[in-house]
Amino acid sequence: MNQIVLDADRRLRGPYTLAGGMLHVLVPEALARWPELVHSHDIEIRAAAPGLRELVPARRTSLADRVAQEERILVPAPRRTLRLANGLAEFVRDHLARGGPLTVTVANAGEADATDIELLEVLRRRVPAELLVVAEGPSTPRDGTLPLDTDRYRNEGFHHAMAEAGGLLLPELAEDSEEWWTILHRTTTALAALEREEEARALLDHARRVSVTAKHRATCAYATAMLLVRHHDPAMRDPEEALAWINEAITITDLLPDPRLRAFHLSFDLNGKALVQVRRGRFEEATELVERAIELAERDLGAGEQPIHKLVLRANRALLRGTSTAALADLDHTIAADPGYPDYYLDRGNLLVKLGRSQEALADYERAMRVGPPFPEPYYNRAELRFAEGDLEGALADLDYAIELDPDFTDAYVNRAGLLVAMGEYGRARADAERDAANPYLLCALGQVEAAEGNPEEAYKAFGSALERDPSMVTALAARGVLSYENGDLASSVADLTRAIELKESAELRFNRSVALRALGRLEEARADLVRARELAPGDEDVRRALAEQGRAASGAG
């Protein structure tokens, strides 16, 4: 077994100090023997080991890789480093499976950046122990501070490093200078991403006390509004105060004399106000605001100016346009302009599902899987399509992989538990369902397990607990309604199914209620439900047969 010793101290090279050291050992061999393995992980390798960029060309790129720094307005989400870590873990696993096992002794693990800490957890979880052994080495005191590479930290979404670098840089810079403002905004953005909103707010409040520059005060007001509507703790969100702050931002930017500067900042702020209005339930106003922002940006910014900002506005308008061809046109435009950005494929795939175009949706989900590092959502969504097509094994494989990528992905456990019930694997289903006794969706899945195993009292209890936490949960109402029917409580069955239909009508719910109504002797109501079910699902054979049987029964009675 090969052995290497690596220093993880972030004061050496910042984020991914450990990963970079490992990649400098593994990548040259992989390039010589299995170059396709390197090429399929180019994004992750280049992000973690900038020193290898000359050896590892960028094959998967997005628009952000081709625009000026000031036009890179999208800050990566906090979970992007998990995508990178999963891609790096798969590179390491596949490399060692071909080239032989490795022992890595990690020195100064206590001084590692959050990116390396996360990577070590993913490596231990996803790379078999017979391939990779990670041992803790000595800790050696070292002077110095984190390298202050703020462009890299901001562009790659290395939020812990950006927050630390900001704390080191800001006291050394002249307050109210352009450089100070750049670092301040990057630091507050990083703090917000790390769920340290109070620290971000304190910095913004301080900035307001030292500056009277219109552009910067408007940006502070915008950032404060976003803290108030995006706070990680829902109890701390305040859309009304956010509205006051975003209006201040708009008031200031609307007065900027330079038409191009005004167009960029004002359209940005209008888009921010749209989010505030969404949180206030004012969807029509939100749509109008984004329309104004698009019109302003297209009119007063040059054709090639701020392209990412313009695409973000289009993508946001698509979300506000709901299930429509207009929304699809916006996403088509966005993807055509930036085909290397995976999240847009996810959005378009979800819309295509709602439009009934499942094969096109499937293609988008699979494209999202290919153009960037691995992340769970496209696999989770593909699992739903596979389940609908009857491919239970394929759906299970996708959900297994989604959970492997993100063990905290609760929705994947919910769907996997339900799928495992359908496959008769009750033990595995129960393990998923009992993962979180406070989650109503997992409680509903537990009810399904109990019902399948012939424990009606426990099933009722689980469904009841789910509905106590979320009275509008259609799946729990529907499942309890079916259970009540199977146990002879027809009135309760009809009551639960009626409530479910009121919340979210479907052919299946109408069909199930028709069965319960017919058992109660309420034949006209039962037939009305079947007629409505046929309208909702014209090709459903169960509905067609039930209507035919009722028709024959009525003829026989006559």
Side-chain angles (χ1 to χ4, degrees), residues 43 58 60-77 79-80 83 151 154-157 185 189 193 219 222-223 226 230 253 259-278 286-352 355 360-361 363-365 367-373 375 377-378:
I43 293 173
R60 297 173 298 170
T61 63
S62 71
L63 185 57
D65 299 307
R66 301 188 293 276
V67 299
Q69 179 63 43
E70 60 271 15
E71 293 188 324
R72 297 187 67 153
I73 64 158
L74 281 178
V75 179
R79 303 291 279 177
R80 180 176 185 261
R83 299 186 186 188
D151 281 353
R154 186 264 184 200
N155 293 346
E156 299 287 3
H185 287 309
T189 300
T219 305
Y222 169 90
M226 295 304 100
R230 291 174 172 162
T253 53
R260 290 169 56 253
L261 193 66
R262 175 183 176 273
F264 173 66
H265 285 280
L266 182 54
S267 61
F268 210 96
D269 293 343
L270 291 170
N271 186 54
K273 185 173 180 178
L275 174 60
V276 175
Q277 295 293 42
V278 166
T287 304
E288 292 170 3
L289 286 162
V290 176
E291 292 280 7
R292 285 176 55 196
I294 292 173
E295 180 183 357
L296 186 63
E298 295 292 348
R299 186 189 68 209
D300 291 347
L301 292 175
E305 194 173 2
Q306 295 292 348
I308 295 178
H309 174 52
K310 292 174 182 176
L311 293 184
V312 168
L313 294 177
R314 286 286 194 106
N316 287 351
R317 184 172 68 179
L319 296 177
L320 289 167
R321 282 177 158 177
T323 307
S324 66
T325 54
L328 185 59
D330 272 338
L331 289 173
D332 287 345
H333 171 88
T334 303
I335 289 171
D338 193 2
Y341 191 69
D343 299 57
Y344 292 147
Y345 291 103
L346 198 66
D347 291 339
R348 190 172 69 177
N350 295 343
L351 176 57
L352 287 165
L355 291 169
E360 293 169 78
D364 270 353
Y365 294 148
R367 182 66 172 170
M369 297 170 191
R370 294 192 297 272
V371 299
F375 68 116
E377 285 80 5

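The first residue in the sequence is number 1, and the count goes up from there.
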Walk me through it: do Ile294 and Lys310 pass the test side-chain contact (heavy atoms from CB on, under 4.5 Å)?
CA-CA 7 Å; Ile294 292 173; Lys310 292 174 182 176; over 6 Å; no

Using modelled atom types and a 3.5 Å cut-off, is there a donor and acceptor pairing between side-chain atoms of Arg321 and backbone atoms of Ala326?
yes

Would you please classify the geometry between the His309 ring and the Phe268 ring as parallel, tilted or perpendicular, with 30° and 60° separating the classes?
parallel

Show, in sequence, the C-alpha distance, side-chain angles and deciding distance for Met226 and Leu275, and conclude whether the side-chain contact (heavy atoms from CB on, under 4.5 Å) test is met.
CA-CA 9 Å; Met226 295 304 100; Leu275 174 60; 3.9 Å; yes

What pair of heavy atoms forms the shortest contact from Pro373 to Ile43, and how long is it?
CG-CG2, 3.8 Å

So CG of Asn316 and OG1 of Thr287: to nearest 0.5 Å the spacing works out to 10.5 Å

Gln306 side chain reached by Val67 side chain, heavy atoms, under 4.5 Å:
no

Look at the side chain of Arg80 and the backbone N and O of Glu156, then say whether any donor-acceptor pair between them is shorter than 3.5 Å.
yes

Is it true that Arg348 and Glu360 make a salt bridge, defined as a side-chain N closer than 4.0 Å to a carboxylate O?
no

Arg317 and salt bridge (charged side-chain N to carboxylate O under 4.0 Å, His left out): which single residue from Glu291, Glu288, Glu295 fits?
Glu291

In the structure I gave you, are the side-chain heavy atoms of Arg83 and Pro76 within less than 4.5 Å of one another anywhere?
no

Whether the side chain of Tyr345 engages the backbone of Pro339 through a donor-acceptor N/O pair (distance < 3.5 Å, no angle test) should be reported.
yes

For Asp364 against Gly349, the heavy-atom pair lying closest together:
OD2-N, 3.6 Å

Considering all heavy atoms, the nearest Glu71-Pro307 contact
OE1-CD, 3.7 Å

Of all heavy-atom pairs linking Ala318 and Ala327, the shortest is O-CB, 3.3 Å

Could you give the distance from CG (Leu74) to CD1 (Ile308), rounded to the nearest 0.5 Å?
6.0 Å

Quick one: does any side-chain atom of Tyr341 pair with a main-chain N or O of Val371 as donor and acceptor, under 3.5 Å?
no

Does atom CZ of Arg66 have more than 12 heavy-atom neighbours from other groups under 6.0 Å away?
yes

So, taking the atom named OG1 in Thr323 and the one named CG in Asn350, what distance separates them when rounded to the nearest 0.5 Å?
10.5 Å

Mind running side-chain contact (heavy atoms from CB on, under 4.5 Å) on Leu270 and Leu313 for me, showing each step along the way?
CA-CA 10 Å; Leu270 291 170; Leu313 294 177; over 6 Å; no

Is it the case that the side chain of Arg314 and the backbone of Asp330 share a donor-acceptor pair, with hydrogens and angles ignored and the cut-off at 3.5 Å?
no

Side-chain touch Asn155/Gln69, heavy atoms, less than 4.5 angstrom:
yes

Using a 4.5 Å cut-off on heavy atoms from C-beta on, say whether the side chain of Leu311 contacts that of Tyr344.
yes

CD of Glu298: more than 12 outside heavy atoms within 6.0 angstrom?
yes

Roughly how far, to the nearest 0.5 Å, is the CD atom of Glu377 from the CZ atom of Arg79?
8.5 Å

Pairwise salt bridge (Lys or Arg N to Asp or Glu O under 4.0 Å) hits with a residue in residues 333-342, at least two apart
none

Arg262 atom CZ, neighbour heavy-atom count above 12 within 6.0 Å:
yes

Any chance you could measure Leu351, atom CG, to Leu355, atom CG, to the nearest 0.5 Å?
4.5 Å

To the nearest 0.5 Å, atom CG of Leu301 lies from atom CZ of Arg260 at 7.5 Å

Measure from the side-chain N and O atoms of Arg72 to the backbone N and O of Ala68, and report whether any donor-acceptor pair falls under 3.5 Å.
no

